[in-house]
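Working notes, beginning with the structure itself.
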Number of protein chains: 2
Amino acid sequence: MLSYWNDYPTIQSKLQIVCSLIEKQLQVRNKEIQETLVDFANSGGKYLRPAYFFLFAELGETNQQDEEQLIQVAASIEILHMATLIHDDIIDDSPLRRGNITIQSKYGKDIAVYAGDLLFTQFFDLLIQSMNGSHYLEINAASMKRLLLGELDQMHSRFNKQETVEDYFRSIDGKTAELFWLACAQGAHFGQSTEKIEALAGQIGRNIGIAFQIYDDILDYTADQHVLQKPILEDLAQGVYTLPLILANKEHPEVFAPYLAKEKDLSLEEAQKVAELVISYDGVQKAREFAQNYTERALQDITQLPEGSAKEEITQLTKQLLQRTF
Amino acid sequence: MLSYWNDYPTIQSKLQIVCSLIEKQLQVRNKEIQETLVDFANSGGKYLRPAYFFLFAELGETNQQDEEQLIQVAASIEILHMATLIHDDIIDDSPLRRGNITIQSKYGKDIAVYAGDLLFTQFFDLLIQSMNGSHYLEINAASMKRLLLGELDQMHSRFNKQETVEDYFRSIDGKTAELFWLACAQGAHFGQSTEKIEALAGQIGRNIGIAFQIYDDILDYTADQHVLQKPILEDLAQGVYTLPLILANKEHPEVFAPYLAKEKDLSLEEAQKVAELVISYDGVQKAREFAQNYTERALQDITQLPEGSAKEEITQLTKQLLQRTF
């Protein structure tokens with residue numbers, strides 16, 4: 001999926017090197033695990049987080065940068081992301097990821113548990129290779145913990161009909177926004193930008209991450225209903241209530257109560273009915289307004305970045321990613 | 001289970017502080033996970049690895065030691081051990097651990113996956129707090145990886161009737177001996193011993209770990225058959241062929257072939273019959289000789305440690321642990 005970066009040739013070539021490094025990190029004596037992970041690494045992830053990392057790194061003093069370090073840090077971010085995806089798919093019993101069958105449904109949960117664990121060790125390994133002694137080691141450990149706590153929040157609030165907008169934002173702040181925050185802040189830091197730019201980069205990353213997750217959650221309600229091979233409405237079926245539903249349910253709980261009461265027994269037809277209700281009671285529209293608001297904040301902050309091609313590419317990518325039409 | 005250390009009051013009081021630190025590390029906003037992990041931490045582990053860590057630390061220059069650092073490193077070792085146990089129990093579908101119901105069978109695999117992941121983050125966190133900038137960070141990352149590869153070896157060779165003594169030793173070297181090696185080597189290092197003592201400590205730890213695992217595997221064949229509430233013969237039922245069986249099967253494959261061919265369909269009665277055959281064809285006796293050999297090597301190396309009460313306690317503990325009678 002590096003073809004996504006055809007318009008960003010510098011980023012594309014760096015991401016290619018990151019891909020190779022990740023593949024090298026996945027060489028282990030257990031060939032079953034190795035092939036599983038290499039397959040997964042090549043299964044269509046866009047490497048969005050490493051891409052933002054490099055774009056923010058380019059804002060800094062490029063002649064003072066350590067190229068090898070930047071590649072290693074970029075790879076560590078993607079590996080951490082991959083590890084959490086693999087373990088999440090176990091929790092969700094998810095059959096599909098990126099249009100491909102998930103590791104847990106293809107190879108079983110045993111392989112999936114250890115495959116994720118192995119990625120955590122490789123994440124750790126890359127961090128130590130690239131930043132031993134840096135305070136960013138602590139920051140990475142804290143981010144990894146927040147990521148996990150975000151996932152735990154989501155698991156804990158399954159089938160919670162009282163889930164609030166605040167609960168939702170707390171969960172996505174951990175499970176998604178944290179890693180965008182880390183990618184952008186680390187990019188500025190290891191790219192030798194000032195602390196002021198580093199703080200701004202982190203703030204931009206967090207807002208991009210939040211908007212990104214909201215749009216992703218909206219897609220669960222608006223994606224083409226005729227293409228039901230994809231697990232759309234999957235979150236709903238699993239009791240993960242996201243922003244569009246939370247917003248519609250907040251205003252019209254009586255409409256949704258009979259459906260939500262069914263919990264795991266909600267049929268596909270009923271789930272589709274809920275999706276229609278979420279749309280007709282403006283849940284999607286209001287969620288989109290939230291996403292637009294976060295996107296606006298990110299774009300506003302981006303205008304304050306130092307001028308140059310990196311700033312232009314950050315602007316272009318963020319618009320491409322977040323100014324979606326549905 | 002800190003009562004195990006009644007004869008080692010100094011170690012006991014240090015382990016008590018480690019317990020408190022671990023409990024503190026397990027405070028997270030998700031109360032379900034927190035209680036699960038606190039229960040598990042208090043469920044009867046002997047804290048053997050941190051104990052060896054402290055004993056080897058005492059050999060060094062005690063007036064140059066950083067007490068807080070030692071406590072953190074000791075806790076990191078036990079937390080890494082706990083994390084691997086929890087994920088192993090998912091793989092094994094194991095109902096019991098330390099005489100208690102396992103996390104995965106009590107709370108489900110979802111909680112167990114994240115509980116283990118959370119411990120990996122806390123392991124990482126403690127390491128960074130205690131040794132950021134030290135080359136022992138790399139050593140810990142490498143150990144974590146070897147631990148996992150040992151588990152993968154074991155998973156990969158399930159129901160492998162051709163499993164060799166070499167395969168067995170490679171697997172236990174990773175899954176068990178590595179962490180004993182780490183505990184003892186780190187004890188000497190952070191206890192401010194010389195590099196020579198550090199290398200010797202690691203070697204002692206590795207041999208103790210190997211002997212410890214062999215005795216543990218022997219127990220699966222010799223534990224009281226009338227107490228079948230305990231999952232004895234569990235490894236056999238799951239296709240994990242350990243040293244006693246490997247040794248007996250090597251000499252008399254024709255005796256074991258009909259049983260091993262049944263793989264997952266082996267009944268409890270058949271498993272008991274296999275255990276009897278392993279004993280009557282000297283598998284247990286020969287495995288015990290291996291264990292005695294590694295124990296002897298460890299005790300021999302221990303005689304070369306600097307004189308003092310730490311050396312005496314290391315000798316006493318190792319004999320108590322490994323000179324078992326069956």
Side-chain angles (χ1 to χ4, degrees), chain A residues 25 28-34 83-84 86-93 104 108-129 131-153 155-158 170 174, chain B residues 25 28-34 83-84 86-93 104 108-129 131-153 155-158 170 174:
Chain A
Q25 290 285 122
V28 290
R29 64 175 182 256
N30 185 300
K31 295 306 157 200
E32 194 178 13
I33 287 277
Q34 181 180 311
T84 58
I86 292 171
H87 279 185
D88 292 350
D89 285 337
I90 302 175
I91 310 304
D92 298 339
D93 266 323
Q104 65 98 16
K109 66 182 161 112
D110 299 12
I111 297 274
V113 170
Y114 285 146
D117 288 355
L118 192 64
L119 291 178
F120 283 127
T121 75
Q122 299 299 55
F123 165 64
F124 191 13
D125 187 52
L126 280 169
L127 288 186
I128 291 165
Q129 280 182 47
M131 60 177 86
N132 196 358
S134 161
H135 72 287
Y136 257 86
L137 266 187
E138 290 161 45
I139 291 175
N140 270 276
S143 279
M144 182 177 165
K145 187 170 169 183
R146 284 195 203 107
L147 234 84
L148 198 57
L149 291 177
E151 298 290 352
L152 284 169
D153 285 338
M155 183 176 75
H156 183 71
S157 58
R158 288 202 176 191
R170 191 172 68 164
Chain B
Q25 289 284 122
V28 290
R29 64 177 183 253
N30 185 299
K31 295 304 156 200
E32 195 178 11
I33 287 278
Q34 181 180 310
T84 58
I86 292 172
H87 280 185
D88 292 349
D89 286 336
I90 301 176
I91 311 305
D92 298 339
D93 266 325
Q104 66 99 16
K109 66 183 162 114
D110 300 12
I111 297 274
V113 170
Y114 285 147
D117 289 355
L118 192 65
L119 290 179
F120 282 128
T121 75
Q122 300 298 54
F123 165 65
F124 192 14
D125 187 52
L126 279 169
L127 288 186
I128 291 165
Q129 280 182 47
M131 59 178 86
N132 196 357
S134 162
H135 72 287
Y136 257 86
L137 265 187
E138 289 162 46
I139 291 175
N140 270 276
S143 279
M144 183 177 165
K145 188 170 169 184
R146 284 196 203 107
L147 232 85
L148 198 57
L149 291 177
E151 298 290 351
L152 285 169
D153 286 337
M155 182 175 74
H156 184 70
S157 59
R158 287 200 177 192
R170 192 172 68 163

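These numbers were taken from a predicted model, which means no experiment stands behind them. Reminder, nothing fancy here: chain letters follow the sequence lines and each chain counts from 1.
In this structure, B:Gln129 CD and A:Leu137 CG are separated by 12.5 Å, a value rounded to the nearest 0.5 Å. Considering CG of B:Asn30 and CG of A:Asp153, their distance stands at 7.0 Å, rounded to 0.5 Å. Atoms CG and CG, on B:Leu119 and A:Leu148 in that order, are 9.5 Å from each other to the nearest 0.5 Å. Interatomic distance, OG1 of B:Thr121 versus CG of A:Asn140, reported as 12.5 Å (0.5 Å rounding).
Ranked by heavy-atom pairs under 4.5 Å with chain A, the first of B:Gly133, B:Ala112, B:Ala83, B:Gly116 is B:Gly133. For the set B:Asp125, B:Leu118, B:Ile33, the count of heavy-atom pairs under 4.5 angstrom toward chain A peaks at B:Leu118.
Looking at B:Leu149, both its backbone and its side chain come within 4.5 Å of chain A, counting heavy atoms on both sides. Using a 4.5 Å cut-off between heavy atoms, B:Leu127 touches chain A through its side chain atoms alone. Heavy-atom distances place the side chain of B:Gln122, and not its backbone, under 4.5 Å from chain A.
A donor-acceptor contact shorter than 3.5 Å links the side chain of A:Asn132 to the backbone of B:Ser134.
Among residue pairs with one or both ends in residues 131-151 of chain A, those qualifying as salt bridge (charged side-chain N to carboxylate O under 4.0 Å, His left out) are A:Arg146-A:Glu178; sequence neighbours excluded.
Between B:Phe120 and A:Phe120, the ring planes are tilted. Angles from 30° to 60° get that label.
By the 4.5 Å heavy-atom criterion applied to side chains, B:Met144 and A:Asp117 are not counted as neighbours.
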